[in-house]
There are 2 protein chains.
Amino acid sequence: MQKKKYHGPVEATADILSGRWKPLILWALRDGTLRFGQIEEELSAYKPNITQRMLTKQLRELENDGLIARKVYPEVPPRVEYTLTERYRSLMPIVEQMYNWGKEHMADRIEHE
Amino acid sequence: MQKKKYHGPVEATADILSGRWKPLILWALRDGTLRFGQIEEELSAYKPNITQRMLTKQLRELENDGLIARKVYPEVPPRVEYTLTERYRSLMPIVEQMYNWGKEHMADRIEHE
DNA sequence: CAGAATCCACCAGGATACTG
DNA sequence: CAGTATCCTGGTGGATTCTG
């Protein structure tokens with residue numbers, strides 16, 4: 001599949017991160033590897049709850065954009081682990097700042113966590 | 001209108017910035033005040049071109065979330081200026097990092113600028 | 001356990017025309 | 001100049017069922 005082209009850096013980065021669950025997935029992966037089910041669990045606080053279809057889709061897109069790596073263990077039952085790619089760890093500061101900024105400026109609009 | 005509630009800081013900040021044109025508008029406003037038409041012009045490089053309806057909508061949303069201020073000058077023809085709010089200038093680093101990261105990691109997918 | 005396959009609703013975003 | 005007012009469409013995201 002042909003990858004989308006952009007007209008400027010901000011547009012490109014913003015698009016990479018656009019998707020209901022993407023920033024949350026990246027945030028969940030901030031301190032290491034997680035299995036499919038663990039990510040699902042991490043996001044269980046958010047409503048509406050993420051479906052397996054959506055989680056799969058967004059993970060694939062993040063993978064296609066090189067932000068995360070997918071490792072399949074040939075076992076039964078299957079085990080699949082997701083990790084931030086080394087090259088794209090440089091994106092983490094952005095998500096971290098989203099966390100910090102939100103915590104400081106949006107506290108009144110955050111229900112629980 | 002009741003403002004949306006969130007379950008975590010990352011979700012909140014991401015949602016504030018979500019919208020085809022929002023990061024681009026904030027980026028355009030990085031070094032000062034711009035008139036409605038100037039913003040339109042700044043974004044004219046992007047396709048499909050932003051419509052007046054869309055620009056108005058996204059500006060209003062950014063205003064409602066307190067990211068930008070709107071100043072109307074009672075003249076004919078009308079003049080309206082937009083500026084980043086002082087309080088929310090703290091969000092700029094995020095957009096700046098989007099610019100830097102995109103420039104470094106997405107160069108091959110950026111057509112012109 | 002980690003998905004694939006369908007089906008579907010909604011609305012963000014766009015096209016176009018009009019105006020104080 | 002800086003917007004409204006309508007109308008419309010694509011595709012994102014969700015619900016549900018099935019499976020290696």
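Note on naming: letters A, B, ... go to the chains in the order of the sequence lines (proteins, then strands), and numbering restarts at 1 for each one. Just so we're clear, the structure is a prediction, and the values are computed from it rather than from any experiment.
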Student: In whole angstrom, give the distance that lies between atom CG of B:Leu59 and atom P of D:dA2.
Tutor: 11 Å
Student: Which nucleotide in the list C:dG3, D:dG3, D:dA15 gets nearest to the side chain of B:Thr56?
Tutor: D:dG3
Student: At under 4.0 Å, does any side-chain N or O of A:Tyr82 touch on OP1 or OP2 of C:dG3?
Tutor: yes
Student: With respect to the side chain of B:Arg53, which nucleotide from D:dC7, D:dT16, D:dG3 is positioned closest?
Tutor: D:dC7
Student: Given atom CZ of B:Arg70 and atom P of D:dA2, what is their separation to the nearest angstrom?
Tutor: 10 Å
Student: Side chain of A:Pro48: nearest nucleotide among C:dA12, D:dG14, C:dA4?
Tutor: D:dG14
Student: Could you tell me the separation between the CG atom of B:Leu34 and the P atom of D:dA2, rounded to a whole number of Å?
Tutor: 11 Å
Student: Taking CE from B:Met54 and P from D:dA2, how many angstroms apart are they, rounded to a whole number?
Tutor: 19 Å
Student: Can you tell me how the ring of A:His7 sits relative to the ring of B:Tyr46, calling it parallel under 30°, perpendicular over 60° and tilted otherwise?
Tutor: perpendicular
Student: Looking at C:dG3, D:dG13, C:dG14, which one has an atom nearest to any side-chain atom of A:Lys57?
Tutor: D:dG13
Student: May I have the distance from B:Glu42 (atom CD) to D:dA2 (atom C1'), rounded to whole angstrom?
Tutor: 17 Å
Student: B:Arg60 side chain: which of C:dG3, D:dG3, D:dG13 is closest?
Tutor: D:dG3
Student: Picking from D:dG14, D:dG13, C:dG14, which would you name as closest to the side chain of A:Thr51?
Tutor: D:dG14
Student: Kindly give the heavy-atom pair with the smallest separation between A:Tyr88 and A:Gly66, and that separation in Å.
Tutor: CD1-O, 2.6 Å
Student: Test B:Glu111 against B:Lys47 for salt bridge (Lys or Arg N to Asp or Glu O under 4.0 Å), laying out the working first.
Tutor: CA-CA 11 Å; B:Glu111 307 241 288; B:Lys47 300 178 305 181; 5.1 Å; no
Student: Need one value for B:Glu81: base, sugar-phosphate or nothing, where a base atom within 4.0 Å counts as base even if backbone is also close, heavy atoms only.
Tutor: nothing
Student: Ring-plane angle category for A:Trp27 and A:Tyr99, please: parallel below 30°, perpendicular beyond 60°, tilted otherwise.
Tutor: parallel
Student: The side chain of B:Gln52 is closest to which nucleotide in this list: D:dT4, C:dA2, C:dG3?
Tutor: D:dT4
Student: CG of A:Leu55 versus P of D:dT16: gap in Å, rounded?
Tutor: 18 Å
Student: With a 4.0 Å limit, can you tell me whether B:Gln58 has a side-chain N or O closer than that to the phosphate oxygens OP1/OP2 of C:dG13?
Tutor: yes
Student: Which part of the nucleic acid, if any, lies within reach of A:Tyr73 when heavy atoms closer than 4.0 Å are counted: base, sugar-phosphate only, or nothing?
Tutor: nothing
Student: Among C:dT16, D:dA2, D:dG13, which nucleotide has an atom closest to any side-chain atom of B:Val80?
Tutor: D:dA2
Student: Roughly, in whole Å, what's the span from CG in B:Asp15 to C1' in C:dA12?
Tutor: 12 Å
Student: Would you kindly compare A:Ile50 and B:Gln38 by the position of their nearest DNA chain D nucleotide and give the one closer to the 5′ end?
Tutor: B:Gln38
Student: Tell me which nucleotide among D:dT4, D:dC1, C:dG3 gets nearest to the side chain of B:Arg35.
Tutor: D:dC1
Student: Tell me whether A:Glu75 at atom CD has more than 12 heavy atoms from other residues, nucleotides or ligands lying less than 6.0 Å away.
Tutor: yes
Student: Taking NZ from A:Lys47 and C1' from D:dG13, how many angstroms apart are they, rounded to a whole number?
Tutor: 17 Å
Student: Give a yes-or-no answer on whether the side chains of A:Tyr73 and A:Glu81 include a donor-acceptor pair shorter than 3.5 Å.
Tutor: yes
Student: Taking the minimum atom-to-atom distance to the side chain of A:Arg20, which one of D:dC1, D:dG13, D:dT16 wins?
Tutor: D:dG13
